[in-house]
Amino acid sequence: MTTKTNPPGTELAPQYEATAIEAPLYADWVARGLFTPDPASTARPYVIVIPPPNVTAVLHMGQGLNNVLQDVMIRFERMRGRTTLWLPGTDHAGIATQNVMERQLAKEGLTRFDVGREAFVRRCERFVAETGGTILEQLKSLGCSCDWTRTRYTLSPELSRAVREVFVRLWEEGLVYRGHRVIHWCPRCHTSLSDEEAEHSDVDGTLYHIRYLLADGGGHVTVATTRPETMLGDVAVAVNPDDASKRSLVGREVMLPIAEIRIPIIADEHVDAAFGSGFVKITPAHDADDFAVGQRHQLPAPLVMTEDGRMADASLEGAAGGRVPAPYFGLDRFEARKQVLALLKERGLLEKTEPHRHAIRHCYRCATVVEPRLSDQWFVKMQPLAEPALAAYRAGELRFIPERRGTDFERWLLNIRDWNISRQLWWGHRIPVWYCDACGTSQAYREDPKACPTCGGALRQDEDVLDTWFSSWLWPFSTLGWPERTPDLTRFYPGDVIVTAPEILFFWVARMIFAGLHFMDRLPFHTVYLHGTVRDTQHRKMSKSLGNGIDPLDVVRRYGADALRFTVTHGLAVGTDIVLDPADLEGSFASGRNFANKLWNVGRLVLQHVEGRALPALAKIPEGDLALADRWILSRLRACAGDATAALEAFRLNDAVGAPYHFLWDDFADWYLEAIKPRLFGEADAPGGDVARAVAVHGFDAVLRLLHPTMPYITETLWRRLPGNDGATIVTAPWPDARAGRLDAGVEREFAFAQAIVNAVRAARADYGVPPGRTVAVSLAGLDEDGRRAVDATRAMIVRLARIEQLDEAPPAGAGAHAVLPGRASLFVALGGAIDVTKECARLGEELARLEKLLAGLRAKLANASFTSRAPAEVVEGERAKEQEWSAKAAALSAKLKALGCA
RNA sequence: GGGCGAAUAGCUCAGCUGGUCCAGAGCGCCUGCCUUACACGCAGGAUGUCGGGGGUUCGAAUCCCUCUUCGCCCACCA
C-alpha cells in the first residue's frame, strides 16, 4: 500500500493538521519497508539498539525524548546512505512486572505464595501477552523508524537462550560464584538487590547513644547507633585499637541492654575513634562492614529479622535461638525501633540522642528502605570484565557525550565490586544451576538435566531468578541471534551509538560494554550519548508519583508528533536537562507547533507556484540568470547545510535543528520568498519567474531534507508534492551535500545591505506611526560601489518591502527621519508634515550618544600601545576600520542634528 | 565526605578554542497591522550591573581563585 496522503492538486489547508496526516504516513513507511535494512545493500551499517523499555510500561516524556533523539540520529544516517538498523524491543523487567502482578493479586486478596510459582509465572506471561508492548505502539505515533520486523523481548526463548549460555560460560570460566555475604535486601519486594539497585538518598535520622552495661559490673560503655533495633544481632562492641582511653576495656564483656546476652568488647581498625562515642556495636548479619569485622574476629552472625523486615522469632534459620525476646516477635523493624527505644529510656540506658543526617539506601523500584542482610547469592566477578573496558576507554575507543560522563564511567570501573545477580523473585530467567542433594554437587547446565551426572540422583534447580539487567547487558548481541553466528550478528554487530539517560550508565551501559568485550571481543558501540532529564519548572524530575508528568501522546494529539519532536530536540543542548511546564502544554510546545505551521505555509506558497510545472534544473541555469536574491539564498542554504551536518556529527542536535529553523523562517520565508513574489506571480516587470521557482524549489527541497530527521511527517508530506518527487519518499532521499553550491560572502554582504535599508525604513515608519498603507520617499547617501550595486540589484524588493514610492540618491529635502547604514552610507525618509522634530532630535541624539560611547572605548583601545602591539594585527586592523566607520557616522549624525536645529 | 555540573531578559535556555555574534533565541509582554502562504502570522519595540567578590590579560559572560545558591553522581563513619 503506497497511498499518497496528499495527491498533487489537493488544496492544502491554511493550518497544518498533524493528526490527519501522521498515522497513514507511518503505515505507508512501514508498508514500504523503509525501516528495515535492505539485505542487498552493501552500504556501511549504522546501528542503534533501543534501550528496551519495561514491557508493561506506558510511554512517558523521558522515553519520548530518548526515542526522538535516536530517531533523529537514525534518520540522518539513513539519508546519508548508511544501511541503518534501529532495533526495538522490550525488557521483561523482573521486579517491576512482578510488583504489578502482586498488586493485582492483592486486589483479589491473594499473595503470590497463595497462587504458587507456576501459576504466578503463567499469570505474568498472560498479562504481558495481553497488555505488554503498548509502549512500542506508542513509539510509532512519535514517528520512530524502528525496524519492527526485528522486535525483541528479553524473556523470549531466543534471548533466554543467550542469557543461559552466558551464565554457563561465566560458570565455566569461574566468573560466577555463590557468595555468603551481606547484600541489600528489599523487605517489600522480597528480594536481594545489586549495589546499583539500592539507591542512596539522604535522610534526617538520629544517632542514639546507648549504654551497654559491663557484664561484670563496674559501669558501662556508650554505643552510638542509628539502628537500635538491630542490637539483638550484636555480637560485639568494637573500639579502635589505637584509642588509648578505651583500649583497657578490650576483652571485657557487656550485656545487651534489652536481652540477656553477653558480648565481648573487641578492637578493630574499622572503628573511627572520633565519631559518635567511639564504641561501635557489631551486627554482622545486618551490616556489611560489621560482617567484615565479624569475619576478622570469627564472630557468629545471627539474623534477627525475617525477609519482610520483621523481628524474627526463634524459628528463623540462622538466628541464634532466643536472641529476640518474645515481645518483639513479628514486629516491623521500625516499630521495633520505637519499642526498643522506649524500653531503653525506661531503663535509663538512652544516654542522649542527636540529629544525624545520613545517606541510606532505598529500593530503586519501590523506595522501601533497604535492609542489609546476610544471605547466599550468586555473584559475577567484575574485575576481569572491567579491565578490558577500562583499557578500551583509555585507548580512546569509547566516546562519551558529554565527554565528562567518561570520568564517571572510569571511576566506577576503578571501584568495581562484584555483581549480585540473583533475585528471590519468580518472574525472570531462572538460574540454570541444579543441586544434587544426594552427592552434594551443583552444576550449571545449558539444557535442563534429568539426573545428577555424578551419582544419578535427583536434581533440584536453584529457586532464584537472574537480575533483569543480566539479560539487558547482552542486548546489543543477543538481539541479533547470539550465540548463533547469524547473518544479522555478522552484519550489525558492533553497533554505533547508544542513546540513554545517565541514570543507567552503570546499570546498563557499562555492563553492555563488559559483555560486548567479553563475549564478542568488540565494544558494542563507539559512542555513548547520555541525554538530560525531563523536568518540570521546579526542576523536579517528571514522574508518575509526583503527578508532574506530561503525556507525550497527549502532546502528539494536540500539536502533532513533529511539534513535540522539534520542541524537545531544539530545547536540548548537549548534557543539559530539558524543562517543560506540565501546567502549560501550549506554552511548552508552542514553538514546535508554530514552526510546523510556518513550514506548512511556506510549503503552500511554494507549491502553489511550482506544482505541476516543468522547471529548469538549477544546475542548468546560467549563473548570469540568477538574481542577487537567488545567489544569496543559495549561499545561505549552503551555510545552513554545513552547520546542520556538522552539528549532527557532533551530536549537537539543538543546533542541528536550529540551523534549518532559522534558514527557513528568517532567510527563506521572511526575505527570499518576499523578494521573489513578483517573479512568482509573473508580474510584468519581474522577469525570471522560472528561475525563481527553480531556486525556491531547490531551497525548499533541501531544507525539508535537513528538517526531516526532526520533523518526519510534515517534511514528507510536503516533499512528496514537489515536482519530480512523485511516488518517492524523503525517508531515503539523500542528505543535502554541505559542499554543494557556493558560499559567497560578497553576495551575502550586498544582500545584507539591502536588508539594512528595508529595516531602517521600517523602523523609521514605525517610529513615526506612518500608516502601513502609505508609501514614503527615501533617499540614500554615501553609497560606495558595492552599496550601489546592491541597491540596483534589489531595488524592487526594497521598494516593495519598505513600501517606498521613490528611492534615489537626491539630497535630503524637507522634514524626515535619518538612519545610518552599514559602511558610511545613510538614508533619509521624507516624512513631510508627519515629522516630529523634537522626537527625531531625541532619536538621533540617542543614536549619537551611543555611537560616541562606543567610539570613546574604541579610541582608548587604539591609543593603548599594549593593545596595538600585543593584539593580532588583523584584530587591530579591524578595530581601526571600525573606528573610521563610526567616526564618519558620528560626524554625519552631528550634521543632521545641526540641520534639524536640535539643541 | 569526595567528584561534577549549573547560576545570562518575566520564564526556559543558546553563546564551540577570551577581541566584528560585550549581549542573543523561543515563549511571554507592549505598539501597529487580517500587506495576493501563514493572526500557530507580519512589522516594530521594551527588559539583563551575563550570581557576589577578587585576580590573570591590552581586552573576560568566556580563563583562574573564592564565596553564595541550586542540582547530579559516587561513598562502609556506625
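Sequence lines set the chain letters: A, B, ... in the order given, protein chains first and strands last, and positions in each chain run from 1. Computed from a prediction, not measured in an experiment: that's the story for all the values here.
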Can you measure [X] atom [atom1] to [N] atom [atom2] for me and round it to whole angstrom units?
X: A:H356; N: B:G1; atom1: NE2; atom2: P; answer: 12 Å
X: A:K541; N: B:G71; atom1: NZ; atom2: P; answer: 14 Å
X: A:F409; N: B:C74; atom1: CZ; atom2: P; answer: 15 Å
X: A:D202; N: B:C72; atom1: CG; atom2: C1'; answer: 12 Å
X: A:E196; N: B:C73; atom1: CD; atom2: P; answer: 13 Å

Among the nucleotides [options], which one has an atom lying closest to any side-chain atom of [X]?
X: A:D272; options: B:C77, B:U35, B:U36; result: B:C77
X: A:R361; options: B:G32, B:A75, B:C42; result: B:A75
X: A:H200; options: B:U20, B:C76, B:A78; result: B:C76
X: A:F681; options: B:A37, B:A78, B:C72; result: B:A37

Report task. Verify ring-ring contact (aromatic ring centres under 6.0 Å, His included) between A:F507 and A:Y364, making sure each step is shown before the conclusion. Result -> CA-CA 12 Å; A:F507 277 113; A:Y364 82 134; 5.2 Å; yes
Query - A:H286 and A:T230: side chain donor to acceptor below 3.5 Å - result: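 There is no such pair (donor and acceptor under 3.5 Å, judged by atom type) between the side chains of A:H286 and A:T230.
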Query - is_close_aromatic(A:F651, A:H531), centroid dist under 6.0 Å - result: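 No: the rings miss the under 6.0 Å criterion.
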Query raised in the report: Nearest heavy-atom pair of A:M542 and A:M61: which atoms, and what distance?
Result: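 Result for this residue pair: SD-CB, 4.2 Å.
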Tell me what [X] touches on the nucleic acid: a base, only sugar-phosphate, or nothing, going by heavy atoms under 4.0 Å.
X: A:A650; value: nothing
X: A:V602; value: base
X: A:R593; value: base
X: A:A359; value: base
X: A:E674; value: base
X: A:D670; value: sugar-phosphate
X: A:K281; value: nothing

**Report entry** Given RNA chain B, 5'-ward residue of the pair A:R652 and A:H570, judged by closest heavy atom
**Finding:**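 Of the two residues, A:R652 wins.
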Query raised in the report: Which sits closer to the 5' end of RNA chain B, A:N759 or A:R604, going by the nucleotide each is nearest to?
Result: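 Counting from the 5' end, the first nearest nucleotide belongs to A:R604.
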Is the phosphate of [N], meaning OP1 or OP2, less than 4.0 Å from a side-chain N or O of [X]?
X: A:N594; N: B:G41; value: yes
X: A:K677; N: B:U35; value: no
X: A:W665; N: B:C42; value: yes

Query - N-O pairing of A:R774 and A:E805 below 4.0 Å - result: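 Between A:E805 and A:R774 there is no salt bridge, as every charged N stays at least 4.0 Å from the carboxylate O atoms.
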**Report entry** Presence of salt bridge, A:R800 and A:E683, under 4.0 angstrom
**Finding:**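 The answer is no: the pair does not qualify as a salt bridge.
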Query - B:U31: pairing nucleotide in any strand, Watson-Crick or G-U under 3.5 angstrom - result: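 Per the H-bond distance test, B:A43.
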